[in-house]
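What you see is a predicted model, and the numbers here were worked out from it, not measured in a lab. Note on naming: letters A, B, ... go to the chains in the order of the sequence lines (proteins, then strands), and numbering restarts at 1 for each one.
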Amino acid sequence: MKNLLIKEIRLAASPLSFIFIAASALAFVPGYPILLAPFFVCLGIFYSFQNAREANDVVYSMLLPVAKRDYVGAKYAFTLLIEGISFALTCGVTAVRATALSDSAAYAENPLMNATPFYLALVLLMFAAFNVVFLGLHFRTGWKIGIPFLSFCAVGIVLIFLGEASWHFPRLGFLHSQKIEKPALQFAALAVCAVIFALLTAVSKVLSAKRFEKIDL
Amino acid sequence: MRVLEIKDLCKDYPSFNLKNISFCVEEGHIMGFIGRNGAGKTTTIKSALNIVHPTSGEVSYFGRPLIGNEREIKRLVGYAGGAVDFYKRKKISDIVAVTKRFYENWSDAECEKYMRAFSIDPAKTPRELSEGMKVKLNLTLAMSHGAKLLILDEPTSGLDPVSREELLDTFVFLKERGVSILFSTHITSDLEKCADDITYIARGEQIASEPLSSFMDRCRAAGYGDTLENIMVHFEKEDIREKLAD
């Protein structure tokens, strides 16, 4: 798996996948729908799948001494690598906002969602949606990327709207507070979403490997 | 020793059926695999590499079934296609650096030897190579990991006569060193120069699989023609003028 992951990074990946990790820093920007940040990270990963398809990566990989399911595993590992780096950066941005910048007027008057532990939970849900919808649909054919990405966009946009609307619901205003109100509740939501992310990604990977095994390339 | 054995291989597509293909490639032999475009050569090769799933039949390498031994078998098999190329914009040195990680038997000395012999510049990208050089690059990768069997899908298609001749010489050189080659083509004159055995398929069905010399003798005796090209035309020519007139 290590060799396949290196193959992903050195041969199959688009540089945009790594450049778009920087979108995680959009969580610093007040007055911006910051759930677009993980969406852009997913867009960056999509470019690697596009790049891999154009480079006949799948045929090259099938001729290597690896099993078909290992190819799927490497694609998931690469995706998780990018998502993991992005999530770590987003956690850093959230921590800076909650500490050094907690008194910033720009965030206090922010008309859109602030970066909080609940925001981190939604970031994980966005990544989970990508892993289930885009990767899951892509590995039905091992080739198509357009419909899978459009389907992910539809789910992602709904998630962004729900995230931005969430703190307007009665008694949920604390989700927006830059001072991190009710931290126990927010971190519990983050933990639940982390479990959801892990479960959905694991199930998606198993199903994708099974589907890909049956495909005639 | 049978390096590759295919038994009763069938593959059903909605508009094409590959029916009961059976042949074997012996150690140190070049097997020519001929048929018209669309006869089922690539489907057979893809089935033999588990890239497509046969409807039925068995594929085994070195006496071991492919299913269940795929990783071990692919370490001993090299593949080169005439049309497929990988990572066209990546440097050849990068492709080599990644590919070598997958093979315990990789030899840098062999790789450099073939690169030098084929005049492949590792600083170039595959898109800067001619079609013939791309095939040579694939051969270099295969030979550097000590492949015992090369599966070549129409490697000479689209090449100029000199490049074809050089490739055929390379195949004979490799054969003399014990490497077996399964070589699909519809350019029959290539096989007459280097093949020991022949498997011939037409419209998804196997016409013959035997030593080339006995196939030629049999066809000559039956009056099908003196060359592989004439024999193929005998088996497959349709009255196109009649079709066009309908």
Side-chain angles (χ1 to χ4, degrees), chain A residues 1-19 47-75 77-78 81 138-145 207-217, chain B residues 11-13 18 42-43 45-55 61 66-81 83-106 125-127 134 138 141-142 145 147 150-151 153:
Chain A
M1 184 55 72
K2 182 184 157 200
N3 289 336
L4 276 171
L5 185 56
I6 290 169
K7 189 246 348 166
E8 289 298 321
I9 294 167
R10 291 191 63 176
L11 296 181
S14 162
L16 289 174
S17 293
F18 300 99
I19 293 168
Y47 282 123
S48 279
F49 279 80
Q50 189 182 44
N51 203 48
R53 189 175 72 166
E54 287 167 3
N56 283 321
D57 172 64
V58 66
V59 179
Y60 168 84
S61 304
M62 288 307 100
L63 299 172
L64 293 172
V66 297
K68 264 176 129 175
R69 65 179 174 278
D70 295 338
Y71 173 80
V72 176
K75 292 288 179 196
F78 175 75
L81 175 72
H138 170 67
F139 281 111
R140 283 187 175 180
T141 61
W143 187 253
K144 288 185 180 174
I145 52 174
L207 291 178
S208 292
K210 279 187 182 167
R211 285 173 186 150
F212 190 67
E213 194 75 46
K214 293 176 187 164
I215 293 170
D216 285 341
L217 295 166
Chain B
K11 175 67 184 173
D12 296 334
Y13 287 114
L18 193 67
T42 299
T43 301
I45 286 176
K46 283 187 167 182
S47 299
L49 291 165
N50 202 26
I51 294 173
V52 303
H53 298 86
T55 309
Y61 292 81
L66 176 63
I67 303 304
N69 299 290
E70 197 174 341
R71 284 186 189 131
E72 295 77 13
I73 285 169
K74 283 185 174 174
R75 285 197 181 99
L76 300 171
V77 176
Y79 169 87
V84 179
D85 40 9
F86 317 111
Y87 312 117
K88 280 184 273 191
R89 292 171 187 276
K90 294 287 177 185
K91 277 188 182 172
I92 290 166
S93 55
D94 288 338
I95 296 172
V96 168
V98 171
T99 304
K100 68 190 274 190
R101 302 182 69 93
F102 290 89
Y103 298 97
E104 291 161 8
N105 298 339
W106 184 274
T125 61
R127 76 191 182 114
K134 283 177 192 167
N138 281 332
L141 294 176
H145 70 73
L150 294 178
I151 297 179
D153 190 8

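- Put simply, of K88(B), H53(B), R75(B), the one with the most heavy-atom pairs under 4.5 Å next to chain A is H53(B).
- Around atom NZ of K11(B), more than 12 heavy atoms belonging to other residues, nucleotides or ligands sit under 6.0 Å away.
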* Start with the C-alpha distance between L63(A) and I51(B), add both sets of side-chain angles, then the distance that settles side chain to side chain contact (heavy atoms under 4.5 Å, CB included), and finish with yes or no. => CA-CA 9 Å; L63(A) 299 172; I51(B) 294 173; 3.9 Å; yes

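- Of all heavy-atom pairs between T99(B) and Y60(A), the closest is OG1-OH, 2.5 Å.
- L4(A) touches chain B through backbone and side chain together, each having a heavy atom under 4.5 Å away.
- Proximity to chain A (any heavy atom under 4.5 Å) is shown, for I95(B), by both the backbone and the side chain.
- Panel note: side chain K74(B), backbone M62(A); a donor-acceptor pair is recorded below 3.5 Å.
- There is no contact between N51(A) and chain B, counting heavy-atom distances below 4.5 Å.
- Among L49(B), D94(B), I151(B), the residue making the largest number of heavy-atom pairs under 4.5 Å with chain A is D94(B).
- Across K7(A), K2(A), R10(A), a single residue satisfies side chain to side chain contact (heavy atoms under 4.5 Å, CB included) together with R101(B), and that is K2(A).
- F102(B) contributes atom CZ, which lies 8.0 Å from atom CD1 of I6(A) (distance to the nearest 0.5 angstrom).
- Rounding to the nearest 0.5 angstrom, the gap separating the OH atom in Y87(B) from the CG atom in L11(A) is 5.0 Å.
- Minimum interatomic distance between R71(B) and D70(A) (heavy atoms only, all atoms of both residues): NH2-OD2, 2.5 Å.
- Between Y13(B) and D216(A) there is a side-chain heavy-atom pair separated by less than 4.5 Å.
- Heavy-atom contacts from other residues, nucleotides or ligands closer than 6.0 Å to NZ of K91(B) number 12 or fewer.
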